[in-house]
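This report refers to the structure that appears directly beneath it.
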Amino acid sequence: MDKYKNLLKVIAIQDLILANPTHNPPSVSLDFLSRLSQKLHLNRGAASFLRKYPHIFHIFYDPNKFRTFCRLTDAAMRVSRQEAEAINASLDVVVDRLVRLLSMSTTKSLPLRAVFKVWRELGLPDDFEDSIISRNSHIFKLVDAHEPNTHILTLTDEMRDKSFVACVENWRVMECCRENCAVDRTEIRYSFKHSYPPGMRLVRDFKAKVKEWQRLPYVGPYEEMGEKKRSKAGIMGLEKRAVAIVHEFLSLTVERMVEVEKISHFRKSFAIDLNIRDLFLDHPGMFYLSTKGKRHTVFLREGYERGCLIDPNPVYNARRKLLDLVVLGRHAMLINNESRSVENCQTQKPCLQDEGRDESI
C-alpha cells in the first residue's frame with residue numbers, strides 16, 4: 001500500500017497516454033501533464049514524477065514540434081497489452097460478476113455512475129458500455145433515471161429470477177470436508193472465515209462475541225431481505241447481512257480489494273444503513289483496512305497471504321507486474337549506470353599501462 005498510491009497516479013497518466021492514439025506510439029506532451037499536476041496529485045510536478053519511474057515512462061523531445069513528450073516504455077506497453085488481453089479473454093467471467101453485483105441490489109439495478117466507479121476493480125474493459133452491456137442486451141439494459149443525464153443499469157426480466165450461491169458457501173463446503181475443521185460443523189452454516197495477524201492477542205470477551213456472531217442466522221446477499229425488524233436480534237441480523245454483502249462484493253473484485261469511498265456508492269442500492277468504514281473496523285478477522293495515503297482501502301483478509309493474492313488471476317498478474325515496475329523506481333537504472341562506470345574504468349586501464357603511466361592512477 002506504500003507504493004499503491006503512486007501506482008494509482010501511474011495508471012492515471014498511463015490512461016491519458018493510451019487515450020491519445022494520434023501519435024505513434026501514443027504519447028502526451030509534458031506541458032499537458034503539467035497543467036494536470038494538481039488534479040493528478042503530482043505534488044512536485046509532472047516532470048519530477050515521471051523521472052522517478054524510468055521503467056514506465058520515457059521522456060523525449062520532438063524537434064519537429066519543439067516540445068517535450070512522454071510515452072510508455074516497451075516494458076510498460078507489454079504489461080498494458082497483457083492486461084488488455086487478459087480482460088478480453090475473461091469476458092464471460094466479467095459478465096457473471098456484473099450480473100451478481102446487480103442481483104445483490106434490492107431492485108436488481110444500479111446507477112451506471114456507481115458501476116463506473118469500480119469498473120477497474122471488477123475487471124471490466126474500459127469500453128464496457130459497448131463490449132459488455134450493448135452486446136449482452138438479453139442480460140442488461142440501460143434505462144433513464146429521474147435525474148437528468150443519469151442512467152440506470154438493470155437486469156432484463158429473464159435474468160431477475162436467476163439464483164446465485166455466495167462465494168462464502170464454497171469455503172463452508174471445503175471446511176466441512178476437512179478433517180481438522182476449525183469451525184464447529186453444526187455452526188458453520190452461518191460462519192465466515194476469520195484470520196488474525198500473528199501478533200494480535202484476542203481477549204476472552206472478543207472471542208465469545210465472535211463465536212456468538214458466527215452462529216447468528218442472516219439473509220444472504222442474493223436473497224430477498226423482507227421486512228426490517230427493529231429488535232436487537234433483527235438489527236444484528238441486518239448488520240451480518242451487510243457484512244455478507246461487502247464480503248461478496250470484495251470476492252467479485254479482481255484483487256479482492258476496493259476503496260471504501262467507492263463501495264459506499266452502493267449503500268443505498270444494497271439497503272445498507274450502517275457506516276461502511278465502521279463495518280470493516282468491527283470485523284478485523286475478515287477485513288483489513290489500510291489508511292495509507294489519503295485513500296482508505298479495504299482488503300478481504302482471507303484472499304491474501306504475505307501480501308499476495310492466494311488465488312491469482314491473469315488480470316491480477318498483469319497489474320502486479322506494473323506494481324513491480326513502480327516499486328523498482330530508479331533502482332535498476334542506478335545499478336546499470338554504476339556498472340557502466342566500472343566497465344569504463346576497466347577498459348581505460350590498458351590504455352594507461354600502454355602509456356607507461358603508474359597503474360595506481
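Side chain of Arg71 to main chain of Ile59: no donor-acceptor pair is present (N/O by atom type, distance under 3.5 Å, no hydrogens or angles). Side chain of Lys117 to main chain of Phe266: no donor-acceptor pair is present (N/O by atom type, distance under 3.5 Å, no hydrogens or angles). In this structure, Lys9 contributes its side chain and Phe49 its backbone to no donor-acceptor pair below 3.5 Å. A donor-acceptor pair under 3.5 Å is absent between the side-chain atoms of Lys141 and the main chain of Leu153, judged by distance alone. Between the Asn136 side chain and the Ile139 main chain, no donor and acceptor come within less than 3.5 Å of each other. Between the side chain of Arg295 and the main chain of Glu261, no donor-acceptor pair closer than 3.5 Å is present.
Between the side chains of Glu129 and His151, no donor-acceptor pair of N or O atoms lies under 3.5 Å. Glu239 and Tyr218 share no side-chain donor-acceptor pair at under 3.5 Å. Using modelled atom types, one finds no donor on one side chain facing an acceptor on the other under 3.5 Å when comparing Glu302 with Trp171. With hydrogens and angles left out, the side-chain atoms of Arg97 and Thr253 include no donor and acceptor closer than 3.5 Å.
For the atom pair Ser131 OG and Leu124 CG, the distance stands at 8.0 Å (nearest 0.5 Å). Rounded to the nearest 0.5 Å, atoms CG (Leu7) and CD (Gln14) are 9.0 Å apart. Here Leu216 contributes atom CG and Tyr190 contributes atom OH; the two are 9.0 Å apart, rounded to the nearest 0.5 Å.
Sorted by first and then second residue, the ring pair (Phe, Tyr, Trp, His ring centres under 6.0 Å) pairs with a member in residues 72-107 form an empty list; sequence neighbours excluded. Screening residues 26-39 for side chain to side chain donor-acceptor pair (under 3.5 Å) gives Ser29-Arg67 as the qualifying pairs, with residues at least two apart or on separate chains.
Taking Ile, Leu, Val, Met, Phe, Trp and Tyr as members and joining any whose side-chain heavy atoms lie under 4.5 Å apart, directly or through other members, the hydrophobic cluster of Phe60 also contains Phe69.
Side-chain contact between Leu33 and Val28 is present, with at least one heavy-atom pair separated by less than 4.5 Å. For the pair His296 and Ser290, the minimum side-chain heavy-atom distance is 4.5 Å or more. Leu18 has its side chain within reach of Leu72: a pair of non-hydrogen atoms, C-beta onward, lies under 4.5 Å apart. Residues Ile272 and Ile245 meet the side-chain proximity criterion, which asks for heavy atoms closer than 4.5 Å. Side-chain contact between Arg100 and Asp96 is present, with heavy atoms from C-beta onward closer than 4.5 Å. Annotation: side chain of Met200 is in contact with side chain of Leu202 (closest heavy-atom distance under 4.5 Å). A heavy-atom distance below 4.5 Å is found between the side chains of Lys262 and Glu121. Between Ser269 and Thr106 there is no side-chain heavy-atom pair separated by less than 4.5 Å.
In terms of heavy atoms, Glu248 sits closest to Pro221 at CB-CG, 4.3 Å. Shortest non-hydrogen contact noted between Leu91 and Asn88 is CG-O, 3.3 Å. When every heavy atom of Met286 is checked against every heavy atom of Lys193, the shortest pair comes out as CG-O, 3.6 Å. For the pair His138 and Thr156, the tightest heavy-atom approach, listed with the atom from each and the gap, is O-OG1, 2.8 Å. Between Gly123 and Val94, the closest heavy-atom pair is O-CG2, 3.3 Å. The two residues Pro125 and Ile87 have their closest heavy-atom pair at N-CG2, 3.9 Å.
Not counting sequence neighbours, Glu223 has no partner by the salt bridge (charged side-chain N to carboxylate O under 4.0 Å, His left out) test.
Follow the hydrophobic side-chain contacts under 4.5 Å out from Tyr196 and you never reach Tyr288; the two are in separate clusters. Clustering ILVMFWY residues whenever any of their side-chain heavy atoms sit less than 4.5 angstrom apart, transitively, puts Val99 in a cluster other than the one holding Val93. Two different hydrophobic clusters hold Met174 and Val168 under the rule that ILVMFWY side chains link at heavy-atom gaps under 4.5 Å. By the criterion of side-chain heavy atoms lying less than 4.5 angstrom apart, applied directly or through intervening Ile, Leu, Val, Met, Phe, Trp or Tyr residues, Met236 is not grouped with Leu279; the two fall into different hydrophobic clusters.
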Inset, instruction - Take Val246 and Ile263 through the test side chain to side chain contact (heavy atoms under 4.5 Å, CB included) and record every step on the way to the result. - result: CA-CA 8 Å; Val246 295; Ile263 198 172; 3.9 Å; yes
Inset, instruction - List the steps, then state whether side chain to side chain contact (heavy atoms under 4.5 Å, CB included) holds for Phe270 with Phe249. - result: CA-CA 11 Å; Phe270 293 156; Phe249 189 105; 3.8 Å; yes
Legend entry - Working for side chain to side chain contact (heavy atoms under 4.5 Å, CB included), residues Ile152 and Leu142: CA-CA 6 Å; Ile152 300 295; Leu142 281 174; over 6 Å; no
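Using cut-offs of 30° and 60° on the angle between ring planes, the pair Tyr304 and Phe299 is perpendicular. In this structure, His283 and Trp213 have tilted ring planes: the angle between them lies in the 30° to 60° band. Note: Phe57 and Tyr53 have perpendicular aromatic rings, judged against thresholds of 30 and 60 degrees for the angle between ring planes.
Environment of CZ in Arg160: crowded, with over 12 heavy atoms of neighbouring residues, nucleotides or ligands closer than 6.0 Å. Around the CG atom of Asp130, the shell of radius 6.0 Å holds more than 12 heavy atoms that belong to other residues, nucleotides or ligands.
Geometrically, Arg172 engages Phe192 in a cation-pi contact, judged by NZ or CZ lying under 6.0 Å from the ring centre and within 45° of the ring axis.
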Anything under 3.5 Å between a donor and an acceptor, one on a side chain of residues 108-116, the other on a protein residue two or more places apart or in another chain? List them.
residue : atom : partner : partner atom : Å
Lys108  : NZ   : Ser103  : O            : 3.0
Ser109  : OG   : Thr107  : OG1          : 2.7

Donor-acceptor list for residues 310-323 side chains, cut-off 3.5 Å, not counting sequence neighbours:
residue : atom : partner : partner atom : Å
Asn313  : OD1  : Val315  : N            : 3.3
Asn313  : OD1  : Tyr316  : N            : 2.8
Asn313  : ND2  : Val254  : O            : 3.1
Tyr316  : OH   : Leu309  : N            : 3.2
Tyr316  : OH   : Arg320  : NH1          : 3.4
Asn317  : ND2  : Asn313  : O            : 3.4
Arg319  : NE   : Glu83   : OE2          : 3.0
Arg319  : NH1  : Arg120  : O            : 3.0
Arg319  : NH1  : Glu255  : OE2          : 3.4
Arg319  : NH2  : Glu83   : OE2          : 3.4
Arg319  : NH2  : Arg120  : O            : 2.9
Arg320  : NH1  : Gly307  : O            : 3.2
Arg320  : NH2  : Gly307  : O            : 3.4
Lys321  : NZ   : Gln82   : OE1          : 3.0

